[in-house]
Amino acid sequence: MAAINRHSPPPSPCNFTCIVDRKKSWCIGCLRTLDEIGAWEQMTPQQQWAVLDRAEERRASLKKHGA
């Protein structure tokens, strides 16, 4: 499997399921916070990858807790 180039911007994680979970304050489609979504275009590739890492942690937490 090829290594991920974290110096290049990742594709947007938006999947057009744009509904904000008010309790968690993140989009249930891409699992980014509103701040992360709003700042996405101004972020460096490294910052974008960090957002994707956090979103993946949120996804894993949801699976772990059965949400």
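Atom set for the values below is all heavy atoms of this structure, side chains included, hydrogens, waters and symmetry mates excluded.
Both tests pass for Arg32 against the ring of Trp40: distance under 6.0 Å to the centre and angle within 45° of the axis.
Checking each of Pro11, Pro13, Ser12 against Leu52 for a side-chain contact (heavy atoms from CB on, under 4.5 Å) leaves exactly one that passes, namely Pro13.
With sequence neighbours excluded, no residue satisfies side chain to side chain donor-acceptor pair (under 3.5 Å) with Glu57. Judged as a salt bridge (Lys or Arg N to Asp or Glu O under 4.0 Å), and not counting sequence neighbours, Asp35 has no contacts. Among residues two or more places apart in sequence or in another chain, the side chain to side chain donor-acceptor pair (under 3.5 Å) test is passed with Arg58 by Glu36. Under the side chain to side chain contact (heavy atoms under 4.5 Å, CB included) criterion, Gln46 pairs with His7, Thr44, not counting sequence neighbours. Remark: Asp21 pairs with no residue by the side chain to side chain donor-acceptor pair (under 3.5 Å) rule, at least two apart or across chains. Ser8 pairs by the side chain to side chain donor-acceptor pair (under 3.5 Å) definition with Asn5, not counting sequence neighbours.
Interatomic distance, Trp26 CH2 to Leu31 CG, rounded to the nearest 0.5 Å: 6.5 Å. Rounded to the nearest 0.5 Å, atoms OG (Ser61) and CD (Glu56) are 11.5 Å apart.
Between Ser25 and Leu34 there is no side-chain heavy-atom pair separated by less than 4.5 Å.
Listed here is the closest heavy atom pair of Gln42 and Gln47: O-OE1, 4.5 Å.
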